[in-house]
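I have placed the structure first, in the form of structure tokens, so that the comments after it can refer back to it.
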Number of protein chains: 2
Amino acid sequence: MTARPTGRQQGPRGRRPGGPDTRGQILEAARESFADKGFRATTIRAVAGAAGVDAALVHHYFGTKDDLFVASLEISVDPRQALALVFAPGLDGAGERLLGTVLSVWDEPENRRPLLAFLRSSLGDPESTLLQDAFIRVIFKSLRGQLPDGDAELRAGLVATQMLGLLVARYLLAVEPVASLPREQVVALIGPTLQRYLSDPVAP
Amino acid sequence: MTARPTGRQQGPRGRRPGGPDTRGQILEAARESFADKGFRATTIRAVAGAAGVDAALVHHYFGTKDDLFVASLEISVDPRQALALVFAPGLDGAGERLLGTVLSVWDEPENRRPLLAFLRSSLGDPESTLLQDAFIRVIFKSLRGQLPDGDAELRAGLVATQMLGLLVARYLLAVEPVASLPREQVVALIGPTLQRYLSDPVAP
DNA sequence: GTCTATAGACGGATAGAC
DNA sequence: GTCTATCCGTCTATAGAC
């Protein structure tokens with residue numbers, strides 16, 4: 001569970017690990033439901049049921065449904081930092097490195113569900129605009145900042161189309177054979193596309 | 001309104017056009033809401049309100065909410081037919097032709113909302129699996145059928161990632177500058193990617 | 001810490017009057 | 001054709017007992 005390392009508000013003087021970690025179980029059930037069904041279709045009651053507790057307990061630990069959603073979105077990577085590492089060696093090969101990094105984050109089991117939850121809810125519920133805009137803009141801006149000026153905006157947009165589509169097809173819709181392809185093969189097939197969007201001429 | 005040309009179940013001996021086409025207004029309001037907010041977040045009451053009628057009338061014309069959704073999904077193009085036309089001249093240039101065709105369909109005002117509604121609801125509400133699978137499989141199979149054998153499945157999947165991502169970024173999320181780019185420029189920028197997925201070697 | 005009870009809203013769908 | 005009235009279900013959230 002990724003709940004521990006973040007050190008958020010536990011119970012006032014919380015129980016030591018070893019007993020049944022109810023809070024963690026609730027959080028895990030929430031991640032699963034948000035990832036599979038999105039924000040709206042997820043009900044507190046269902047989450048509580050899956051965790052084997054009462055609905056009121058969910059509120060007790062996490063507050064409102066929005067709070068629960070936010071709590072279930074934590075991942076173990078800072079996107080800006082990861083992006084900086086990708087572009088540190090220069091623009092050459094950045095397409096492959098970018099893709100490899102993103103896929104390795106998504107393939108990490110503890111990140112998968114939070115990311116899926118975020119992706120699905122961003123696309124499905126257009127009123128998540130707060131988070132959506134906040135997060136996407138951070139990544140987008142960060143990516144744009146790594147590119148040479150002039151066409152940076154357009155290049156970042158092109159990269160976004162291919163990257164977004166890959167994530168949707170591979171993880172959200174599970175379109176075969178893309179979903180089952182080993183990571184290295186995806187990088188070999190699609191990395192060059194990203195590289196072209198990053199460094200090929202785009203002017204008319 | 002695309003309601004006329006399809007000739008579905010009107011009232012038993014329906015009114016001639018000229019009066020306020022209530023049914024059409026309801027349908028238009030439904031398309032807008034489904035496109036903007038997805039299936040779940042759309043309420044019959046809100047649709048009725050936007051159309052200036054009572055909620056019961058919506059049921060009277062369209063039956064259940066699912067029926068209304070299905071009714072709002074009609075577009076003026078048969079995907080299989082369009083695909084066949086794209087691939088008729090051969091594989092050369094099929095990437096650009098495919099992209100141009102898809103974008104021209106999406107840019108048609110009367111198709112835009114039905115397509116958006118379908119895309120948003122497919123991605124957001126995973127229980128639309130019936131429609132989702134039906135439709136996507138039709139397109140996917142149709143596309144695959146146009147490709148030389150061997151890697152057809154993989155090529156179709158790769159094309160899907162780029163196409164899907166473009167549609168999501170351009171129409172659903174409206175990521176700039178991709179959303180505002182003229183169609184021809186999008187074709188020039190992304191068409192070659194599709195062409196490579198269609199005809200470049202993919203074997204290791 | 002965990003649950004019972006309940007308030008308060010909202011939404012889909014139907015019956016039937018006009 | 002259009003609306004009023006209403007039933008029934010589901011959901012979030014809170015107060016408070018154990």
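Each chain gets a letter, A, B and so on, in the order its sequence line appears, and its residues count up from 1. Please read these numbers as outputs of a predicted model, since none were measured by experiment.
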Next on the checklist: Would you say that more than 12 heavy atoms from the other residues, nucleotides or ligands in this model lie under 6.0 Å from the NZ of A:K37, or not?
Outcome noted: no
Checklist outcome for this item: B:D54 CG to C:dA17 P, in whole Å, measures 17 Å
Checklist entry - Could you state the CG-C1' distance from B:L57 to D:dT4, rounded to the nearest angstrom? => result 13 Å
Next on the checklist: Rounding to an integer number of Å, can you tell me how far B:F69 CZ sits from C:dG12 P?
Outcome noted: 14 Å
Checklist entry - Given atom CZ of A:R40 and atom C1' of C:dC10, what is their separation to the nearest angstrom? => result 11 Å
Item to check | Separation between CZ of A:R170 and CH2 of A:W106, rounded to the nearest 0.5 Å | outcome: 11.0 Å
Next on the checklist: Within this structure, what is the CD-OG1 distance for the pair A:E96 and A:T101, rounded to the nearest 0.5 Å?
Outcome noted: 11.5 Å
Next on the checklist: Is any side-chain heavy atom of A:F118 closer than 4.5 Å to one of A:I75?
Outcome noted: no
Checklist entry - In whole Å, what is the span from the NZ atom of A:K37 to the P atom of D:dT10? => result 13 Å
Next on the checklist: I want to verify a distance call: between C:dC3, D:dT2, C:dG11, whose nearest atom is closest to the B:T43 side chain?
Outcome noted: C:dG11
Next on the checklist: With a 4.0 Å cutoff (strictly under), does any side-chain N or O of A:Y61 reach OP1 or OP2 of C:dT2?
Outcome noted: yes
Checklist outcome for this item: Taken to the nearest whole Å, CD1/A:I44 to P/C:dT6 is 21 Å
Checklist entry - Which one, D:dA13, C:dG12, D:dT4, comes nearest to the side chain of B:R45? => result C:dG12
Checklist outcome for this item: Among the nucleotides D:dG1, C:dT4, C:dT14, whichever has the atom closest to the side chain of A:A56 is C:dT4
Checklist entry - A:H59 has a side chain; which of D:dG1, C:dT4, D:dT14 sits nearest to it? => result D:dT14
Next on the checklist: Tell me the interatomic distance from B:D67, atom CG, to C:dA13, atom P, rounded to whole angstroms.
Outcome noted: 8 Å
Checklist entry - How many Å lie between NZ on A:K65 and C1' on D:dA13, as a whole number? => result 12 Å
Item to check | OP1 or OP2 of C:dT2 under 4.0 Å from side-chain N/O of A:T22 | outcome: yes
Item to check | Atom pair CZ/OG of B:F39 and B:S33 - distance to nearest 0.5 Å | outcome: 10.5 Å
